[in-house]
Structures are given as structure tokens and as C-alpha cells.
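Start at 1 and go down the list; that is how both ligands and their atoms are numbered.
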Amino acid sequence: MTDRVLIFDTTLRDGEQSPGATMTHAEKLEIAAMLDDMGVDIIEAGFPIASEGDFAAVAAIAKASRNATICGLSRANFKDIDRCWEAVKHAKKPRIHTFIGTSALHRAIPNLTMDQMAERIHDCVTHARNLCDDVQWSSMDATRTEWDFLKRTVEIAIKAGATTINIPDTVGYTAPVESADLIRRLIAEVEGAETVIFATHCHNDLGMATANSLAAVEGGARQIECTINGLGERAGNTALEEVVMALKVRADIMPYHSNVDSRKIMAISRRVATVSGFPVQFNKAIVGKNAFAHESGIHQDGMLKNAETFEIMRPTDVGLTETSLVMGKHSGRAALRSKLAELGFELADNQLADVFVRFKELADRKKEVFEEDLVALMRQNEAVEDRIRLKSLRVVCGTSGPQTADIVLDIDGTERTAHTTGDGPVDSAFNAVKALFDHKARLQLYQVHAVTEGTDAQATVTVRLEEDGRIATGQSADTDTVVASTKAYINALNRLIVRREKTAPDHDTKGVSYKDVGA
Ligand code: KIV
Ligand code: ZN
């Protein structure tokens, strides 16, 4: 057994599965390139059978891959596995990942007996292995599966040719000591265990995902499955940045290492937050805005004397620059380009020209432009594929109503105008959008954050919409809160349109039915 831990990133599959985290094709390609570049070993690029869009994204990521293995997910049936292979086969290093829920609760859904399920696993892994040399098998809900049956299924998968065995804690139920024991026992008792790599895949329902993943490594697992920012359904997944930094900082008690370049963490974290529409909580380990901020006098004093008093790693270890104050209205194009590159945005000349104009506009309105402002600015630059765009907005608000909005939208290339009233400026602006682009989406979340400090701070607004079970999250930022709100609303609508088009043969991508395991 080696001390190298493989990092398997599933931001683009398990992460993107979280309600509202839909990414566009171009965004997925960009994130995959960043993952490859930072040294992630395996990228789970999507669920190819789920939709034409997922298939196209996995195939494109496979074609563009450089060093990483590109993996696709498939349920336990030949149709899924074939479709997965068609997408991943373009990669230099392709992998088919097939899974089935093995616990009693999950067996009951397709109504398979233990024997029937065992046969299904054998057939599917054999079929996958006939297509691809690298096959991962996962026993969904492994941590709640009866030991004898879990052992039996793992042995069958190994005999059928699986090269990686993944033991997911699908519902975030296990605890570190149990997580280590389970892997240790599988390695000790399963026939053929020495021929495969055991993987751990933990969800964070009890906030123990990272601890459980590291404990599994202690027990002998050598692949950690994780996502950037811990993105994922419900409470999310193990966070890539946490395991990478924990292995680095506590190498004294966990003598294992990954190949990930930790200095690329901050850039990808920000990018994933932007494209997924899931902002990072301020106090999140490693990547939160406050993770390296020192407010109290005692802490600040200690930091000035010796940073190690209150920091167990340096901000630069995760790619943070020493100061977040970056630019002002006198900054030039080259400085902007280099700062954006540091933040993970590589721009072509024409893109830079456009961003530069808007940067100058912002710098005129705001005295200091912080990194967060630039990230927010870049977010607005992504509206190119959008069907609905805001051309102009004027609202009238104040103590005596009604508040009104005059809006001009470009919808599919045609300019349309509306004048509406509402209960406050945001309500009237949203009504104006709805008057021009009728839809039945329900507003699930409306959240405003100040990106930086001061009354001239940009407001970042998050809007989550739900329509027929599909959820889309939009984000935007502006020094004008009503403009930011309206843009976020439009952004969510544009994403919802993408979601409408992303429909699986018989299911929607996010709601892809795990019970449908028929071959
Ligand atoms: O959480 C889980 O069990 C999964 C499987 C599909 C691997 O994501
Ligand atoms: Zn999962």
C-alpha cells in the first residue's frame, strides 16, 4: 500500500447534482481544465445518460483532458454503461463508474433480491470491463448495508474486473471510527482486496464528511472522492480543499499525500462559487472569506509578531495573495489581466477590452476595487449565451408608493419594454421582468450580501427559482442593489431555460432516478 492518496473530484457530477447548481457546457469545460491543471487524479465529469447536455459535456471534457482520468457515472444497466463509454472513451485515461444501492432500503426500490442484485453487479461490471480497462464500482449506501451482503457484492465486483471499489456514505451517516473500521475490515476480509483501490465518498449530513474521508484513508482507502467547496446535495460532500490541506498540514499524523497543487485552491473555489451560484460561507474552512481574517486585538497583535500564533497554514499556501485590496481607477489593462488570471480568469484580448470598460465604470463609482468586486464583475461578463438580457432599468421608490419600474429587456434579440408597480422597488422590478417574460417559476430564495464594506459596496444577490421541480440559481452584483437583484433574477431565468432543455430520456438530470436500474 502506498502513501499516495488519489483525489477524485466529482464537482461536475455529484456537486452539479445539488438543486440549483446547474453549470453551462462552457463552465463545465473550464472547471474541468482547472481541476486537471491543479493535479486532480480523476475527474468525474458527469452522468452521460442523464441528458444530451451531460453527454456532450463529458465527451468534450474527455477530449480536452491532459493528465487526469475522466470518469462518467452510470447506473447498473447496459444502456447507461454503453452511453457512459461513448462519452469517456475520448479521454487519454477513461473510466466507467457504475453503481447500485445495496442497502435494504435501496434494494427495495427496484425490488431486487440479494441474489438478483449480486447477478446484476456481476453482469454490469463485466460489461463495463469489456469496454474499458478502468472500472469503478460503487455500492451506494454502503455504510448502511448489511456487512455480509456488502462483502459479497464487493467480492463479486472485484471478480468481474472492477479496478476501484468505492464505499459511499451516501447519507452522511457514518462516524470517523466506523469509517476507518469498515475499510480496514473490507481490505482484511474481502477476497481479491489487494488487487483494487478502495475509495471513500462521504456526504456531510452530520458535518463529518471530511473527517470520515480521512479516517477511511487511515483504514486503507487510497482514493478520496470530493468536490470543490464541498458542493453537493443536501449538506454537500467532502470538500477537496479540506482534505488536501489536512493531509498537508497534518502530515505528522497522516503520512499520506496527494498530488494536488494547493496554491490553485482559491481560484477554483471562487470560480465554482460563481458558476454554481452557491456562495461560500464566510467561515468555511480554507476557502471562506474569514478563514484568514483576524479581527480581535489579541489575534492581530499575535499575527504581527508571528503569523504562526494564529495560522496553521499561510494564505499563500492556498493561493491567496497577502492583501485583498487590488485595484483602483488608475490601474491599467495589464494589471487587470494579471489580477484576473490570479483569480482564475484567463481572458482573450476582446474579452479583456469589455471587462476593462466595466472595471473603469466600477472604479469610478467605488474608491477601492477588491478581489471580490472583480469576481462579481466577471460574473456579469458571462451573460453572452443568455436569452434574456437587461438593457436598462429605472425604479422609483420611497416612503410613499406605489413603487414603479421601467424596464427594457432584450429577449432573443428583440427589445421589449414594460412599466409596472410593486410592493417595493425589487418587487416592481421583478414584476416588470415577469410582464415581459411570462413564466410560472416560484421564487424560493432571495438573498443579498455586501461583497465588501462601506455603503458603496457592491451587493451580491442570489435568486433561486423553482419550476416543475427544476431549480435554478442566479447571481449578480452591482453597487445598485435593485439592479443586482433584477440581474440575478434574469440570470436564474436564463439558467432555468437551460435546465428545461436538460432532460434525461425518462428523468431530469438532477432527479435522475436511482431506482431505475433495469438493464
Ligand atoms: O453518494 C453516493 O452514493 C453517490 C454514488 C452515485 C456514488 O454519489
Ligand atoms: Zn454522492
Under the 6.0 Å and 45° cation-pi test, does R83 pair with F55? yes
For D54, is there an ion pair with K28 - N to carboxylate O distance below 4.0 angstrom? yes
Side-chain ion pair, K79 and D82, N-O less than 4.0 Å: no
Can you tell me which N/O/S atom of H203 has the shortest distance to the Zn ion (ligand 2)? NE2
With a 4.0 Å cut-off, would you call R222 and D3 a salt bridge? no
Work out whether the distance between some heavy atom of R13 and some atom of ligand 1 is less than 4.0 Å. yes
Among the N/O/S atoms of D14, select the one at the shortest distance from the Zn ion (ligand 2) and name it. OD2
State plainly whether the residues E189 and K151 are in salt-bridge range, i.e. N to O under 4.0 Å. no
Is it the case that ligand 1 has an N or O less than 3.5 angstrom from some N or O of T170? yes
Which part of H201 is near ligand 1, with near meaning a heavy atom under 4.0 Å away: side chain, backbone, both or neither? side chain
Check ligand 1 against H203 and write out every atom of the ligand that is under 4.0 Å from a heavy-atom position of the residue. 1 (O)
Relative to ligand 1, is D14 under 4.0 angstrom through side chain, backbone, both or neither, heavy atoms considered? side chain
Check this for me, if you would: do E218 and R184 make a salt bridge, where the nitrogen-to-carboxylate-oxygen distance has to be below 4.0 angstrom? no
